[in-house]
Amino acid sequence: MKRTWIGARFALAVGIGVAVTTMMGKTVAAEDNPADWPSYYRDNSGWRYSPLKQITTVNVKDLKVAWLHQPGDIQDGLQSTPIVVNGVIYYIAANNNVFAVNGKTGETIWHYQPKLNPMIKQTFWAMRNRGVTVGHGMVYIGTADGRYVAVDQKTGKERWQTQITDFKNCWGCNFSVAPQLAGDILFSGHTGGDSPISAKIYGVNALTGKLEWTFDILKNDQKSWPGDTGKFGGGGSWGAGVYDEKTGTIYIGTGNAAPDYYPEGRRGDNLYTDSILALDAKTGKLKWYHQEVPNDAWDHDSTYEIMTINQSGKDKLVHLNKGGFVTVLDKETGKVEKVWRFAKNVTWVDNVDPKTGALIGRHEAVTTKTSLECPSPLGARSWQHAAYNPNTRLWYSNGWEVCANVKSGDQNPAEVGLAAMYFGAPEFEIVAPADGPSARLDARDPFTGEVKWSVEYKKVPGISPVLTTGGGLVFNGDALGNFYAYDAATGKELWKLAAGSGIRSGPVSYEVDGEQYILVGSGLGGLAPNFAVGAFPSMGGLPSGAVLMALKLGH
């Protein structure tokens with residue numbers, strides 16, 4: 001059962017119809033149309049960079065609201081990154097409400113919502129979702145109850161749906177981010193790094209919905225997972241991976257081992273948690289892996305964005321781990337080339353070897369006393385993505401300094417409820433570091449970590465993904481709902497809009513009829529802002545909301 005509404009002005013909104021994003025069965029690449037934002041990071045480089053340059057450092061002061069779109073459901077805010085193809089916007093709001101919107105006028109073309117299992121109300125992750133994927137004439141979503149669903153790109157009518165996970169019996173087996181396209185394969189993991197499960201990554205035929213392959217994140221190896229710990233070791237891969245068409249390779253990060261703070265019963269390397277994986281897109285077979293945090297005792301997932309940046313003629317992968325270190329890898333082999341420190345407060349290790357990535361001097365929480373762990377499970381920043389500008393050659397990322405007071409303890413996985421966490425921490429509290437909470441937007445060299453400029457956020461942190469453009473701009477949003485434009489070269493603030501509710505959605509840029517737009521969602525939500533109140537008290541009681549805002553130059 002589903003509910004579908006088709007806009008009465010469909011023909012007016014999209015002319016002769018929405019252009020299908022495939023040609024001879026092949027998804028059109030982002031570089032083929034600079035006016036579009038056709039995939040989650042815009043393209044598989046992971047840069048969150050738009051080459052559009054009509055809006056510049058000189059005229060950005062004239063940026064005005066062009067139109068607003070209200071999804072209606074404001075639960076947990078608006079966290080998605082919209083997709084834009086040929087002037088039509090596709091985005092998802094709470095409870096898997098999916099919309100197609102005219103990019104010039106903001107009119108709804110169609111609206112789709114699957115009928116969801118009532119059990120989602122009992123889960124820890126509930127209604128939140130971060131995006132859709134468009135390709136093969138369809139719009140794809142991963143649902144809150146463990147399905148992949150494809151709807152027709154023109155009409156919003158359901159084309160197929162497949163139950164991917166055993167949602168009723170698998171805590172955390174929902175999808176909070178859209179499955180991504182690797183040719184004819186849709187792929188993703190599910191949430192649940194902090195749940196007593198054995199997480200997986202799935203490859204599904206994008207045309208039919210048939211499950212083609214499954215990759216087990218928890219390796220079947222007693223050295224890696226002694227006893228039966230591999231049945232409950234977590235590892236959910238809840239971030240959006242990327243695809244290299246030239247080599248047919250999927251790159252995707254995996255989540256933390258569970259129980260998070262009690263590694264005593266799983267004393268092995270706990271492969272393949274906290275890892276970057278290179279998988280064959282057609283078969284799901286492992287090509288190589290790099291594990292950033294063996295035997296994780298701090299909830300330091302490796303699920304954040306994976307960027308491809310060329311250095312001296314060779315492609316490198318650049319990846320931030322929750323624990324506050326950035327690893328630079330050879331894209332072809334996964335060999336570590338450089339590790340640099342992003343977080344200011346680090347207590348979980350003395351250091352990470354800059355040449356090998358090996359942990360130096362582990363400091364784990366203990367059962368006998370409370371320990372200060374920095375960064376906290378919220379990470380050196382939350383899941384919101386960094387951006388890279390090929391003109392400035394700078395990596396732009398939000399960061400915050402948040403710690404946790406933790407006491408470790410055993411936990412019976414059989415007693416963990418659907419909405420509970422397999423955390424292994426009978427005492428847990430988010431707190432500020434000794435020198436107080438702080439947050440910032442950094443511009444850095446992606447290969448060395450050298451800071452070129454930094455903007456401090458004094459009241460509340462920046463919690464949106466970053467956008468950078470060919471016009472020499474960086475856009476970022478904070479928890480109060482301020483949306484900023486900065487000079488990408490200097491960090492100078494050039495423009496600001498007060499949106500009324502926190503910016504958690506991924507801003508994008510697109511062009512319609514020769515006019516460039518900046519598109520961003522306002523609406524505070526997510527786990528991290530709720531937890532972060534322990535370090536940033538001013539984040540408590542901030543207004544919720546959900547509105548998609550299109551901005552363009554005023555006349």
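Owing to the predicted nature of the structure, the values given are computational and were not obtained by experimental measurement.
Side chain of R48 to main chain of V466: a donor-acceptor pair is present (N/O by atom type, distance under 3.5 Å, no hydrogens or angles). At least one donor-acceptor pair under 3.5 Å links the side chain of Y251 to the backbone N or O of K331. With hydrogens and angles disregarded, a donor-acceptor distance shorter than 3.5 Å links the side chain of N398 to the backbone of S464. Under the 3.5 Å distance criterion, the side-chain polar atoms of D36 are matched with a main-chain donor or acceptor of N86. The main-chain N or O of K231 is never found under 3.5 Å from a side-chain atom of S198 such that the two would form a donor-acceptor pair. Judged purely by atom type and a 3.5 angstrom limit, Q291 uses its side chain to pair as donor or acceptor with the backbone of T273. In this structure a side-chain-to-backbone donor-acceptor pair under 3.5 Å is missing from Q411 to P259.
In this structure, F175 has its ring center under 6.0 Å from that of Y148. Note: H190 and W238 fail the aromatic proximity criterion, with ring centroids not under 6.0 Å apart. With ring centers used as reference points, F428 lies under 6.0 Å from F423. Outside the 6.0 Å centre-distance limit, the rings of H319 and Y304 are not counted as a close aromatic pair.
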>> Determine whether S505 and Q79 satisfy the following criterion, side-chain hydrogen bond (donor to acceptor under 3.5 Å, both in side chains), listing intermediate values before the conclusion.
In response: CA-CA 4 Å; S505 173; Q79 301 181 43; over 6 Å; no
>> Set out, in order, the CA-CA distance, both residues' side-chain angles and the distance that settles side-chain hydrogen bond (donor to acceptor under 3.5 Å, both in side chains) for D269 and S224, then state yes or no.
In response: CA-CA 5 Å; D269 50 17; S224 201; 2.5 Å; yes
>> If you apply the rule side-chain contact (heavy atoms from CB on, under 4.5 Å), what do you find for R362 with W348, and how did you get there?
In response: CA-CA 6 Å; R362 298 168 61 108; W348 65 283; over 6 Å; no
> Stepwise, does the ring-ring contact (aromatic ring centres under 6.0 Å, His included) test hold for W395 with W340?
Replying inline: CA-CA 13 Å; W395 178 86; W340 53 267; 5.5 Å; yes
> What's the verdict on side-chain hydrogen bond (donor to acceptor under 3.5 Å, both in side chains) for T249 and K287, showing C-alpha distance, side-chain angles and the deciding distance?
Replying inline: CA-CA 8 Å; T249 305; K287 291 187 174 184; 2.7 Å; yes
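Two residues are said to be in side-chain contact when any heavy atoms from C-beta on lie closer than 4.5 Å; Q153 and V85 meet this criterion. Side chains of R147 and L116 form a contact here, defined as non-hydrogen atoms less than 4.5 Å apart. A heavy-atom distance below 4.5 Å is found between the side chains of S176 and T191. Using a 4.5 Å cut-off on side-chain heavy atoms (C-beta onward), Y388 and R393 make contact.
With sequence neighbours left out, D299 forms a side-chain hydrogen bond (donor to acceptor under 3.5 Å, both in side chains) with K322.
Taking a 6.0 Å sphere around CG of N412, one finds it holds more than 12 heavy atoms contributed by other residues, nucleotides or ligands.
Looking at every heavy atom in both residues, A178 comes nearest to T133 through CB-OG1, 3.6 Å. What you find for G379 and W400 is that their closest heavy atoms are O-NE1, 3.0 Å. Scanning all heavy atoms of the two residues, the minimum distance from N256 to G193 falls at ND2-O, 3.1 Å.
Put simply, the residue from Y90, Y91, F99 that forms a ring pair (Phe, Tyr, Trp, His ring centres under 6.0 Å) with H111 is F99.
Between W298 and H300, the ring planes are parallel. Angles under 30° get that label, and only those over 60° would be called perpendicular.
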